[in-house]
Amino acid sequence: MSGGEQNIATVLGEIEQNGKAMCYTKGFSMLPMLKEGRDISVLLPLTRELKVGDVVLFIRPERDNELVLHRIVKIPAGEKMLIRGDNTYFDEPVNRANVIAVLGGFFRKGRYIDCAASRGYRAYTFCQLHLYFLRKFFLHTLHVAGAKIKNNVFHLTNFHLDDILRRKR
Amino acid sequence: MKLKCKFIVNNVAGENIAVAVGKNSGFKGYIRLNETGKDIFELLEKDTTREKIIESLKKKYPDAAEAELEESVDGIIGKLDSAGLLI
């Protein structure tokens, strides 16, 4: 059994036994909502119809069956749905059959936030879904500006070094 | 004895889950608690003894058998101690 298959078996086994599975998340793709090593996500079985805004756990068969926890952004007709991380900039088409659980809530700094009951969470989801273009625009601008500043500093430093070396000669 | 770090007990889908809070909690994970476990956990927030915990539980659950309460308290204290969560 590969590492991915083992993780799937663990999550499904835990859900079957306790009605839910709880685990820490890894990576940065769900920032600022879920922080690696700090927040515990609570995963529930798929007992209801999934909707846009739900955060789901799905399998990526092309990458050794790794498990990913991202948000549904669009459900078109057909077998696939579009899913995106809160801190990523691309929509991933995911086969419905590869979705194995839905996020019921999460522990943030010790406090449990219920996805269905928390108003703050609902407002956050709304922003994630409807203000994505702003996030994409501003963060992309910041990244470009950051890269430019980095390049300028690098050129400036090189220039100074050349200058100093020339003077020494 | 008392708990080494601060825990918050949350009700998650009908189950009591304790999670450590604070940057230096030294504990990563969560603890599932039943009703008695939750009571014991709350009592362990302040410095106490095994006997005081049993006494408090006897008041709260007058119908429970003493041996059963003692077993619950010893079980939880033993598990917390072996995880290094008691001081």
Side-chain angles (χ1 to χ4, degrees), chain A residues 6-7 10-28 30-48 50 54-57 67 69 100-122, chain B residues 1-48 53 56 60-61 68 71-87:
Chain A
Q6 202 155 357
N7 287 340
T10 308
V11 170
L12 291 178
E14 182 101 347
I15 287 177
E16 198 183 325
Q17 203 182 336
N18 302 308
K20 58 184 170 291
M22 294 196 277
C23 53
Y24 283 96
T25 49
K26 207 177 159 191
F28 309 101
M30 281 304 280
L31 279 173
M33 192 178 100
L34 297 172
K35 190 179 173 189
E36 178 175 305
R38 183 193 68 183
D39 304 323
I40 300 172
S41 48
V42 178
L43 303 162
L44 302 177
L46 300 169
T47 52
R48 61 168 172 83
L50 291 172
D54 281 340
V55 175
V56 290
L57 187 75
L67 286 173
L69 190 67
I100 61 166
V102 60
L103 185 78
F106 54 94
F107 286 92
R108 193 164 206 219
K109 295 177 182 172
R111 294 268 173 214
Y112 182 62
I113 296 170
D114 189 323
C115 293
S118 165
R119 280 185 190 178
Y121 174 77
R122 285 209 295 271
Chain B
M1 77 185 143
K2 65 173 187 171
L3 288 168
K4 196 176 161 185
C5 49
K6 184 170 168 47
F7 279 86
I8 295 182
V9 181
N10 299 267
N11 190 291
V12 181
E15 192 178 21
N16 296 312
I17 307 285
V19 179
V21 282
K23 278 184 182 170
N24 303 316
S25 68
F27 177 73
K28 226 167 140 36
Y30 57 88
I31 301 170
R32 287 198 160 98
L33 299 165
N34 58 15
E35 272 311 303
T36 332
K38 188 186 168 198
D39 294 333
I40 298 171
F41 229 74
E42 280 166 1
L43 291 165
L44 279 168
E45 277 172 11
K46 288 176 187 166
D47 204 13
T48 186
I53 295 172
S56 303
K60 191 165 181 186
Y61 304 99
E68 206 179 318
E71 201 182 314
S72 297
V73 173
D74 290 340
I76 288 187
I77 288 175
K79 278 180 189 167
L80 291 173
D81 201 26
S82 60
L85 291 172
L86 291 178
I87 46 170

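In what follows, every chain begins at residue 1, and chains take the letters A, B, ... in the order their sequences are listed.
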Who among B:Val19, B:Val12, B:Asn11, B:Val9 has the most heavy-atom pairs with chain A under 4.5 Å?
B:Val12

For atom CD of B:Glu71, decide whether the heavy atoms of other residues, nucleotides or ligands shown that lie under 6.0 angstrom number more than 12.
no

With sequence neighbours excluded, tell me which residues meet side-chain hydrogen bond (donor to acceptor under 3.5 Å, both in side chains) with A:Tyr112.
none

Which pair of heavy atoms, one from B:Glu15 and one from A:Lys20, lies closest together, and at what distance?
OE1-NZ, 2.6 Å

Would the number of heavy atoms belonging to other residues, nucleotides or ligands and lying under 6.0 Å from CZ of A:Arg48 be above 12?
yes

Just checking A:Arg38: does its CZ atom have more than 12 heavy atoms from other residues, nucleotides or ligands closer to it than 6.0 angstrom?
yes

Looking only at heavy atoms, what is the nearest atom pair of B:Ile17 and A:Met22, with distance?
CD1-CE, 3.3 Å

With heavy-atom distances below 4.5 Å as the criterion, would you say the side chains of B:Ile8 and A:Phe107 are in contact?
no

What closest approach, in Å, do B:Tyr30 and A:Glu14 show between heavy atoms, and which atom pair accounts for it?
OH-OE2, 3.4 Å

